[in-house]
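Proteins get letters first, then strands, A, B, ... in listed order; numbering begins at 1 in each.
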Number of protein chains: 2
Amino acid sequence: MKIGELATGSGCSIETIRYYEREGLLPPPVRTSSNYRDYDDGHVELLGFVRHCRSLDMGLADVQRLLAFRQDPQAHCADVNGILEQHIAHVAKRLAELQTLQKQLLKLRARCRKEVKACGVLQALNDRLPVHPSK
Amino acid sequence: MKIGELATGSGCSIETIRYYEREGLLPPPVRTSSNYRDYDDGHVELLGFVRHCRSLDMGLADVQRLLAFRQDPQAHCADVNGILEQHIAHVAKRLAELQTLQKQLLKLRARCRKEVKACGVLQALNDRLPVHPSK
DNA sequence: CTAAACCCTGTAGTCACTACAGGGTCAAGC
DNA sequence: GCTTGACCCTGTAGTGACTACAGGGTTTAG
């Protein structure tokens, strides 16, 4: 199958598929006489795996490691689980950050609605933040 | 004050300050005879405003628009509020996405713990996703 | 006087794509 | 046989918000 077919079948763009190939996430397929990429069912499955991982917001480096585990008969389930646990922690952290953020934004909006004349929002944004020790 | 002092005072890096100047978020300060940037209190306040906006995860384009409103006596509070509302919607959307994500990841983890031998996680990740119509 | 700590410019790298530019190939209809 | 349009190719540059050098100049403390 040609790249366009694989793209519509997998729900990602042609450019993304070529990008995955460059990055080593998809093995280069055979080429037709006119240099077109010619994919088989293995590619379809592999790309499905990659897209599933990406839909869970995993980075491509993690996806690559999972792909390696799939190939490796020596790999342990614990290795797979480790990547998963790390990713769960990462998402939980970002989730907490966003929730804090949302609270602050709603507070800010409340200010604007009350003090239209002097624009409470701009005033509030002007307040300096406590400076956290940054690297 | 020199750039290093501004950096430690504001909690962002020297490179970031120079980057903001290049992007037009901070006006270029005067230079000393040895070509060092020499900042004043106006810069400190401006940078505080920018960092506060960034801590709320606003994009630099939005920050720039807010900065323009600060300068403009014609600007309406409604303009400021518009940016804020958009941003609140944006954060709410991302929050919902992450919550869905987290549920899926926890489900996935549950699989791994049960079926160690055949690694349920890798199997589950191999399941194809329903293909959403993608652009 | 020297060494460390600071500053400068300019460029390239990050991540996961996306968007061209500038070409080649193929199938259908005239 | 020729054109038109849909498809494919490579290679490069852009996105956002920085970060990380390389390769220099300046200032300050001992």
Side-chain angles (χ1 to χ4, degrees), chain A residues 1-26 28-39 43 47 49-67 86-87 90-91 94 97 101 132 134-135, chain B residues 1-26 28-39 43 46-47 49-67 83 86-87 90-91 94 97 101 132 134-135:
Chain A
M1 76 198 305
K2 284 191 285 182
I3 196 169
E5 204 182 332
L6 182 60
T8 50
S10 66
C12 67
S13 78
I14 288 173
E15 284 87 358
T16 300
I17 294 172
R18 287 198 283 241
Y19 170 73
Y20 287 163
E21 184 181 325
R22 275 202 302 284
E23 297 300 302
L25 282 123
L26 266 185
V30 293
R31 299 289 186 125
T32 66
S33 57
S34 53
N35 202 30
Y36 287 10
R37 287 172 180 83
D38 190 11
Y39 295 98
H43 288 101
L47 184 54
F49 183 88
V50 173
R51 295 309 291 176
H52 197 153
C53 292
R54 287 290 302 133
S55 80
L56 297 172
D57 225 17
M58 286 183 198
L60 292 188
D62 281 345
V63 178
Q64 215 150 16
R65 283 194 283 157
L66 289 179
L67 284 172
Q86 267 183 28
H87 187 56
H90 170 78
V91 169
R94 184 66 190 144
E97 284 169 8
L101 203 56
H132 301 288
S134 81
K135 60 162 179 173
Chain B
M1 76 197 307
K2 285 191 283 184
I3 196 169
E5 204 182 331
L6 182 60
T8 50
S10 66
C12 69
S13 78
I14 289 175
E15 284 87 359
T16 300
I17 294 172
R18 286 197 284 243
Y19 170 73
Y20 286 164
E21 183 181 325
R22 275 201 305 284
E23 297 300 303
L25 281 124
L26 267 184
V30 292
R31 297 291 184 124
T32 67
S33 56
S34 54
N35 200 31
Y36 287 9
R37 288 171 180 83
D38 190 11
Y39 295 98
H43 287 102
L46 225 43
L47 184 54
F49 183 87
V50 172
R51 294 308 290 178
H52 197 152
C53 291
R54 286 291 300 133
S55 80
L56 297 172
D57 225 18
M58 285 183 199
L60 291 187
D62 282 344
V63 178
Q64 213 150 15
R65 283 194 283 158
L66 289 178
L67 284 171
I83 292 178
Q86 267 183 28
H87 187 57
H90 171 76
V91 169
R94 184 66 190 143
E97 283 169 7
L101 203 54
H132 300 290
S134 81
K135 59 163 179 172

> Partners of B:H87 by side-chain hydrogen bond (donor to acceptor under 3.5 Å, both in side chains), sequence neighbours excluded?
Replying inline: none

> In whole angstroms, how far is the C1' atom of C:dC15 from the CD atom of A:Q64?
Replying inline: 13 Å

> Atom CE of A:M58 and atom P of C:dC17: how far apart are they, to the nearest Å?
Replying inline: 14 Å

> B:Y19 has an atom OH; how far is it from atom P of C:dT14, in whole Å?
Replying inline: 17 Å

>> Once side-chain hydrogen bond (donor to acceptor under 3.5 Å, both in side chains) is applied, do any residues pair with B:R94, and if so which ones, sequence neighbours excluded?
In response: A:D57, B:E97

>> Tell me every residue that passes ring-ring contact (aromatic ring centres under 6.0 Å, His included) with B:Y39, counting only those two or more places apart in sequence or in another chain.
In response: B:H43

> Can you tell me how far C1' of C:dC17 sits from CD of A:E21, to the nearest Å?
Replying inline: 16 Å

> Rounded to the Å, how far apart are A:E23 CD and C:dG13 C1'?
Replying inline: 13 Å

>> Going by the rule side-chain hydrogen bond (donor to acceptor under 3.5 Å, both in side chains), which residues pair with B:R31 if we only count those two or more places apart in sequence or in a different chain?
In response: B:N35

> What string of B, S and - do you get for nucleotides 4-11 of chain C, 5' to 3', when a contact is any protein heavy atom under 4.0 Å?
Replying inline: --BSSB--

>> So, does A:Y20 get its side chain near the phosphate of C:dC17, meaning an N or O under 4.0 Å from OP1 or OP2?
In response: yes

>> Suppose we screen for side-chain hydrogen bond (donor to acceptor under 3.5 Å, both in side chains). Which residues come up paired with B:E21, at least two apart in sequence or across chains?
In response: B:R37

> Roughly how many Å is it from CG in A:D62 to P in C:dC15, rounded to a whole number?
Replying inline: 11 Å

> Where do A:L6 and A:I17 land on the side-chain contact (heavy atoms from CB on, under 4.5 Å) test, with the steps shown first?
Replying inline: CA-CA 9 Å; A:L6 182 60; A:I17 294 172; 3.9 Å; yes

> Atom CZ of B:R94 and atom P of D:dG16: how far apart are they, to the nearest Å?
Replying inline: 17 Å

